[in-house]
Amino acid sequence: KDNLLGGTGPATRAIHLGYDPATENGALTPPIYLTSTYAFETAEDGVATFAGERTGYVYGRAKNPTQALLEARVADLESGEAGLALASGIAAITATVLTLVKAGDRVLVDQVIYGCSYSFFANQITRFGVEVIFADFTDLDSLEAEFAKNPALVFFETPSNPNVRIIDIVKVSAMSKAAGAVCVVDNTFSSPIIQQPLAFGADIVVHSATKFLGGHGDLLGGIVVGTADMIFRIRNAGLRMITGATLSAFNAFLILRGLKTLSLRMKAHCSSALAIAEHMSAHPMVAKVLYPMLPGFEQRELAQSQMSGGGAIVSFQLVGGRDMGMRFINALELIKCAVSLGDAETLVQLPAGMTHATYTPEERLRFGIPEDLVRLSVGLEDLDDLILDINRAFETIA
Ligand SMILES: CSC/C=C(/NCc1c(COP(=O)(O)O)cnc(C)c1O)C(=O)O
């Protein structure tokens, strides 16, 4: 009886919203609807449902009850009207963009985003006659000039992958609105627990649910959140007719399970990440540390204006550059060298050669992704164990 949820906090709503066990034989945990299709009592019901004159499920590609609960809960956490679940973060991004832009349109994209998102914009939609403009969204004056080119859609991440640059959501979404562009924010690095871009004026939020929302490194998933109308359009075009990138009911169940501890996990990620960022910045072998809430971080004030925590990503450069970075990664034992982020396991990787290898070296130089940057995704292990692994690695490579 989720009407009791009025005024409750995000942790409570992530666990209880939108589900009443009495509707499912008393099952406390929502059942998984492992069905690809739905039967109708009569042909008339079938026809009416397909015509949208009758609510109901017809086929698993576009709608499923397990996904529907997940969509409702993430939309609620993001303070949006409606949500859409898909098979991965890239599925969420491509279904959204391919629904909203057409040949001849322009899109305005921040120059530092996840590597495959970058490649989708730089190398894929350009094949279909969409013009892509990359710009530095932290330089609002030069960005203003780009809006004069009338983009149909604007896309950015904040904090950005991999160097945690902070983009001013209020200002950029206001510029988008003034230009008549749809403002899409990829909120993967923050999660709705520490940042809600829609509340700051964005039109659409996308997530790689593979990361914090699932939270256990055991699935791929994606989520889009926006107005009911916008989500209807993306569901029926971008998902149903273009990508077909449907999230499995089982993975929807696992992400629902992840949501139950999301608030707890984000607190632990942020606390350990800040401690590790401070530890690294005091270490003589570290040249630079990037973490949104680190005292001395250039954009800390802006981060504090839109985030309630710094997230789990700590990026840094070692004295001695890329070679030392590679040796440091190899010397870690508990911390694993792997891409992805937001897992319980702490992960480390070298963006220039891994997650952002889709940028050419020249593009990385132009857009500000250092060749020697090391990206840490701080997990949920005991902090002392992580600090010990890091210190031992420094001793090994000294
Ligand atoms: C091969 S690299 C592993 C993936 C990484 N990132 C993914 C990602 C996506 C795409 O999300 P999926 O399609 O669910 O992977 C979207 N948006 C952001 C900010 C992301 O970081 C990574 O390690 O940085």
Side-chain angles (χ1 to χ4, degrees), residues 70 74 78 84-98 109-122 124 137 155-167 169 184-192 194-195 197 202 204-225 238-239 243-248 251-252 254-255 258 269 290 292 307 311-315 329 335-343 345-359 364 367 369 373-379:
L70 169 63
V74 180
E78 285 286 7
L84 176 62
L86 301 103
S88 66
I90 288 294
I93 293 164
T94 58
T96 298
V97 175
L98 293 171
V109 181
D110 185 32
Q111 60 195 31
V112 180
I113 54 177
Y114 165 54
C116 292
S117 306
Y118 174 77
S119 188
F120 167 67
F121 287 110
Q124 300 308 327
F137 280 35
F155 182 92
F156 63 92
E157 301 166 5
T158 183
S160 61
N161 184 355
N163 55 1
V164 296
R165 284 153 66 257
I166 308 296
I167 311 298
I169 302 171
V184 182
V185 181
D186 183 331
N187 199 31
T188 300
F189 264 38
S190 296
S191 92
I194 57 177
Q195 178 175 268
I204 293 175
V205 164
V206 295
H207 280 279
S208 167
T210 311
K211 317 304 183 204
F212 293 110
L213 302 184
H216 296 75
D218 54 9
L219 61 92
L220 292 163
I223 301 275
V224 185
V225 177
L239 171 57
T243 65
T246 301
L247 179 69
S248 78
N251 278 350
L254 286 179
I255 302 168
H269 283 296
L290 298 168
M307 299 172 77
I313 304 301
V314 180
S315 290
I329 290 172
I335 298 171
K336 298 293 179 284
C337 176
V339 294
S340 202
L341 57 115
D343 297 13
E345 295 84 353
T346 298
L347 305 174
V348 67
Q349 60 107 14
L350 193 100
M354 297 172 80
T355 55
H356 291 68
T358 51
Y359 283 75
R364 285 196 294 273
F367 293 142
I369 299 171
L373 193 75
V374 179
R375 189 194 77 185
L376 204 56
S377 170
V378 178

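Ligands are counted one by one from 1 in listed order, and the atoms in each one are counted from 1 as well.
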- Task: On the 0 to 90° scale, with breaks at 30° and 60°, tag the His269-Phe212 ring pair as parallel, tilted or perpendicular.
- Result: perpendicular
- Task: May I ask you to identify the nearest protein heavy atom to atom 12 (P) of ligand 1, giving residue, atom name and distance to one decimal place in Å?
- Result: Gly89 N, 3.4 Å
- Query: How many angstroms lie between atom CZ of Phe189 and atom CD1 of Ile313, to the nearest 0.5 angstrom?
  - Reply: 4.5 Å
- Query: Given Phe121, which of Phe156, Tyr359, Phe155 fulfils the ring pair (Phe, Tyr, Trp, His ring centres under 6.0 Å) condition?
  - Reply: Phe155
- Query: Do any N or O atoms from the side chain of Thr96 and from the backbone of Ala92 form a donor-acceptor pair under 3.5 angstrom?
  - Reply: yes
- Query: Is it the side chain, the backbone, both or neither of Lys211 that has a heavy atom closer than 4.0 Å to ligand 1?
  - Reply: side chain
- Message: In terms of relative ring orientation, are His356 and Tyr114 parallel, tilted or perpendicular, with 30° and 60° separating the classes?
- Response: perpendicular
- Message: Checking contacts here: is it the side chain or the backbone of Leu341 that comes within 4.0 Å of ligand 1, counting heavy atoms only? Could be both or neither.
- Response: side chain
- Query: Counting only N and O atoms by type, is there a donor-acceptor contact under 3.5 Å from the side chain of Gln195 to the main-chain atoms of Thr158?
  - Reply: yes
- Note on the structure: ligand 1 atoms nearer than 4.0 angstrom to some heavy atom of Gly221 are 14 (O)
- Note on the structure: Per-atom filter on ligand 1: closer than 4.0 angstrom to a heavy atom of Thr355 are 2 (S), 22 (C), 23 (O), 24 (O)
- Message: Give me the residue, atom name and distance of the protein heavy atom closest to atom 14 (O) of ligand 1.
- Response: Thr210 OG1, 2.6 Å
- Query: Counting both backbone and side chain atoms, is some N or O of Arg375 under 3.5 Å from an N or O of ligand 1?
  - Reply: yes
- Query: Which heavy atom of the protein is the closest neighbour of atom 2 (S) of ligand 1, given with residue, atom name and distance?
  - Reply: Tyr114 OH, 3.2 Å
- Query: Which of the atoms of ligand 1 are close to Glu157, meaning less than 4.0 Å from one of its heavy atoms?
  - Reply: 19 (C)
- Considering the heavy atoms of Ser88, write down every atom of ligand 1 situated less than 4.0 Å from one of them. 13 (O), 14 (O)
- Message: So is Pro162 touching ligand 1 or not, going by heavy atoms under 4.0 Å?
- Response: no
- protein heavy-atom neighbour closest to atom 13 (O) of ligand 1 works out as Ile90 N, 3.0 Å
- Note on the structure: protein heavy-atom neighbour closest to atom 23 (O) of ligand 1 works out as Ser340 N, 2.7 Å
- Message: When you measure from the side chain of Ser88 to the backbone of Gly221, do you find a donor-acceptor pair of N or O atoms at a distance under 3.5 Å?
- Response: no
- Item | Backbone N/O of Leu290 and side chain of Ser315: donor-acceptor pair under 3.5 Å | no
- Task: Can you pull out the closest protein heavy atom to atom 18 (C) of ligand 1? Residue, atom name and distance to 0.1 Å, please.
- Result: Asp186 OD2, 3.5 Å
- Query: Who's the nearest protein heavy-atom neighbour of atom 21 (O) of ligand 1, and how far?
  - Reply: Asn161 ND2, 3.1 Å
- So for His207 against ligand 1, with non-hydrogen atoms under 4.0 Å, the contacting part is neither
- Task: Can you sort out which atoms of ligand 1 are near Val339, meaning under 4.0 Å from one of its heavy atoms?
- Result: 2 (S), 3 (C), 23 (O)
- Note on the structure: d(Ile255 CD1, His216 NE2) to nearest 0.5 Å is 12.5 Å
- Item | Interatomic spacing from CD in Glu157 to OH in Tyr118 - rounded to 0.5 Å | 13.0 Å
- Carefully, step by step, assess Ile113 and Ser160 under the rule side-chain contact (heavy atoms from CB on, under 4.5 Å). CA-CA 6 Å; Ile113 54 177; Ser160 61; 5.8 Å; no
